[in-house]
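The structure under discussion appears below in the form of structure tokens.
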Number of protein chains: 2
Amino acid sequence: MANQLNLSIDRSSPVPLYHQVVQGIESAIHTGLLPPGSRLDNEIDLAAQLNLSRPTMRKAMDELVRSGLLVRKRGVGTQVVSSQVRRPLELSSLFDDLSNNGSKPTTDVLSFSHIEADEATREALQLPAGAKVYHFTRLRKVGGKPLALMENWVRDDITSIDEAQLSAQGLYGILRNGGVNFRLASQRIGAMVANDYQAPLLEAEPGSALVTMERTAVDDTGRNVETGHHVYRADSYSFEMTLVQR
Amino acid sequence: MANQLNLSIDRSSPVPLYHQVVQGIESAIHTGLLPPGSRLDNEIDLAAQLNLSRPTMRKAMDELVRSGLLVRKRGVGTQVVSSQVRRPLELSSLFDDLSNNGSKPTTDVLSFSHIEADEATREALQLPAGAKVYHFTRLRKVGGKPLALMENWVRDDITSIDEAQLSAQGLYGILRNGGVNFRLASQRIGAMVANDYQAPLLEAEPGSALVTMERTAVDDTGRNVETGHHVYRADSYSFEMTLVQR
DNA sequence: AAAGGCAGTATGTCCTATCAATCGAACATA
DNA sequence: TATGTTCGATTGATAGGACATACTGCCTTT
């Protein structure tokens, strides 16, 4: 059952070969060339078809398995997951998500200060006593409708931040431009009801449901760069993710 | 800077070598032998110290990077993430999580039926018209306090389920015993306020905040085995996870 | 006809080997 | 002094081979 997924591999491209394969198979799945439930050729044949080594092919398939598009079973084979899977939850910012989605998010900076970190912030960002941080609250709107209320604390020894930047682009964009390479974030998602401060800002009724998210992000040098408490209107936002068995 | 993380690798063990390394480094981090922020020896030296090949060592470190315990930087090295990271969100059930946590969860089966799947369920489980499913609602308590209200639909062509089983153990345990190997799940987390049906069952005030979760789980043959809508008391439950940059 | 064993097939693990890309610091130069 | 520049160190990518293990279906045996 040779399913010709005529991918073209460009060896002069700076994109790693395994990643080209990932993209090729992803698009084959999305275009329907590889329908849900269909079986792929075995790793060795696929590698031979594309003139790749088996480890390279396996690395590509590993990624696809981890991202939830494929399932593998020893002795049997590899097949496309039957249902439409969603993108796994990746390390990205709300601003990026909305922008990639074609929306045009806007940001109101509600407060901005450069202050000495309190104990909780020092704990979250692993800062010594007396260290200063940027502290600000923002209201994110999309299509004129408020979506999220965000409060953040950012260490100040990486790049400087001002109010104008925060209005124009997302926090993660600013920090990336400042040379920060994010590697991971730990976050906690919960729920609460809108209080009298949040409700009018989000143009919601007091007592309506909000999704809460607390996040601390770490860069490639191991520093805790940023921590924040965000709330989202529950009727406009939820977290989608794909979990993969290890 | 040779940090002797005197791991012992047992080549006769059925546990893969790379996984032994993962466990060894994990425990070294948790016991403080590898303090946060410390740098590991380079991959080649580590591999030599443990008499492993570099790819095997790399595979182990890949897992640790993906799980958020290590950060790597080309040309520089690998170091332990400074903060205490939480376990990444894995494919597990609430029952397992609570049991592993030392709690003793109990389950009240509120309703149980074996019915023809409605359209939404057929869509979620990719079932043909006329297929039957198990449908049930459960109330999960821990320490006598209600925590979660769960409604599930399970395809009936894998293993049979009855009310007694559901009272005694978690759904995932039943299905695993029935030969199901879960591979992935896609889920969506949001928020709502407790309605008049949910509130008394959860012993919460109507209008209090609930965390909502919808999940569909897929097994190693690509079948959508189970889908469910769960709500949790927001004051007792939240989702913690670690996101890793790809 | 049912049960058990066997072989084929596919993924899982592990190895040696080599080159590329990138970072940081030491060094040389204007 | 300030600014490039080179180079060692380290991770990233790719190749190809060997053997292990698990699943499926077929065939044999009872």
Side-chain angles (χ1 to χ4, degrees), chain A residues 1-3 9-23 38-66 70-80 179-181 183 219-223 244-246, chain B residues 1-3 9-23 38-66 70-80 179-181 183 219-223 244-246:
Chain A
M1 187 172 289
N3 38 16
I9 302 298
D10 177 7
R11 283 182 173 272
S12 66
S13 162
V15 177
L17 301 180
Y18 70 86
H19 199 252
Q20 293 184 38
V21 176
V22 168
Q23 292 173 326
S38 63
R39 276 238 307 285
L40 272 67
D41 285 347
N42 69 60
E43 298 172 349
I44 297 179
D45 286 353
L46 278 177
Q49 286 171 31
L50 299 175
N51 279 316
L52 297 171
S53 68
R54 188 180 166 212
T56 301
M57 194 67 217
R58 256 187 87 75
K59 180 153 187 177
M61 296 175 80
D62 273 345
E63 280 210 22
L64 292 163
V65 168
R66 267 191 287 132
L70 302 179
V71 289
R72 283 194 286 209
K73 207 171 173 187
R74 192 195 290 206
V76 179
T78 304
Q79 61 179 184
V80 179
V180 176
N181 300 306
R183 276 302 151 88
D219 76 355
D220 58 1
T221 64
R223 291 180 298 193
V244 180
Q245 179 85 357
R246 308 227 293 165
Chain B
M1 187 172 289
N3 38 16
I9 302 297
D10 177 7
R11 282 182 174 272
S12 66
S13 161
V15 177
L17 302 181
Y18 69 84
H19 200 251
Q20 294 184 38
V21 176
V22 168
Q23 292 173 325
S38 62
R39 275 238 309 286
L40 271 68
D41 285 346
N42 69 63
E43 298 172 348
I44 298 178
D45 286 354
L46 278 176
Q49 286 170 31
L50 299 174
N51 279 316
L52 297 171
S53 71
R54 188 180 163 213
T56 301
M57 195 65 217
R58 260 186 84 75
K59 179 153 188 179
M61 295 175 82
D62 273 345
E63 279 209 23
L64 291 163
V65 167
R66 267 191 287 133
L70 301 179
V71 289
R72 283 195 286 211
K73 210 172 172 185
R74 190 195 290 205
V76 179
T78 305
Q79 61 179 185
V80 179
V180 175
N181 301 306
R183 274 303 150 88
D219 77 354
D220 58 1
T221 65
R223 291 180 298 194
V244 181
Q245 179 86 0
R246 308 225 293 164

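Lettering follows sequence order; numbering is per chain, from 1. Worth knowing before you read on, the calculation uses all heavy atoms, side chains too, and leaves out hydrogens, waters and symmetry mates.
Between B:Y18 and C:dT13 there is a side-chain N or O to OP1 or OP2 distance below 4.0 Å. Under 4.0 angstrom from either OP1 or OP2 of C:dA10 there lies no side-chain N or O belonging to A:T78. When the side-chain nitrogen and oxygen atoms of B:R72 are compared with OP1 and OP2 of D:dG12, one or more of them lie within a distance under 4.0 Å. Contact between the side-chain N/O atoms of A:K59 and the OP1/OP2 oxygens of D:dA13 is found at a separation under 4.0 Å.
The distance from atom CG of A:D220 to atom C1' of D:dT11 is 13 Å, rounded to the nearest whole Å. Atom CG in A:N42 sits roughly 15 Å away from atom C1' in D:dT24 (whole-Å rounding). In this structure, the CD atom of A:E43 is 15 Å from the C1' atom of D:dA15, given to the nearest Å. The CG-P distance, from A:D62 to C:dC14, rounds to 14 Å in whole Å. Going from atom CG of A:L46 over to atom C1' of C:dA10 covers 12 Å, rounded to whole Å. Separating the CZ atom of A:R74 from the P atom of D:dT24 is a distance of 13 Å, rounded to the nearest angstrom. Following rounding to the nearest Å, B:M61 (CE) and C:dC14 (C1') show an atom-to-atom distance of 18 Å. As a whole-Å value, the separation of B:M57 CE from D:dT10 C1' is 14 Å.
Checked against C:dC23, D:dA15, C:dC14, the side chain of A:R11 finds its nearest nucleotide in D:dA15. Each of D:dG16, C:dC15, D:dA13 was ranked by its minimum atom distance to the side chain of A:P55; first place goes to D:dG16. The side chain of A:R58 approaches C:dT11 more closely than any other nucleotide in the set C:dA17, C:dC14, C:dT11.
Summary of the strand contacts: A:R54 and A:P16 both lie near DNA chain D, and taking for each the nucleotide with the nearest heavy atom, the more 5' one is attributed to A:P16. Residues A:V76 and A:V15 each lie close to DNA chain D; by heavy-atom proximity, the contact nearer the 5' end of the strand is made by A:V15.
Taking each heavy atom of B:V22 and B:E63 in turn, the nearest pair found is CG2-CB, 4.0 Å. In this structure, B:R183 and A:V71 approach most closely via the heavy-atom pair CB-CG1, 4.0 Å. Heavy atoms only, all atoms of each residue included: B:L52 and B:R11 are closest at CD2-NH2, 3.6 Å.
The residues B:D62 and B:R72 are annotated as salt-bridged, a charged nitrogen and a carboxylate oxygen being separated by less than 4.0 angstrom.
Nucleic acid contact for B:S53: base, since at least one base atom lies under 4.0 Å from a heavy atom of the residue.
Scanning for side-chain contact (heavy atoms from CB on, under 4.5 Å) contacts around A:R54 gives A:E43, A:I44, A:R58, with sequence neighbours left out.
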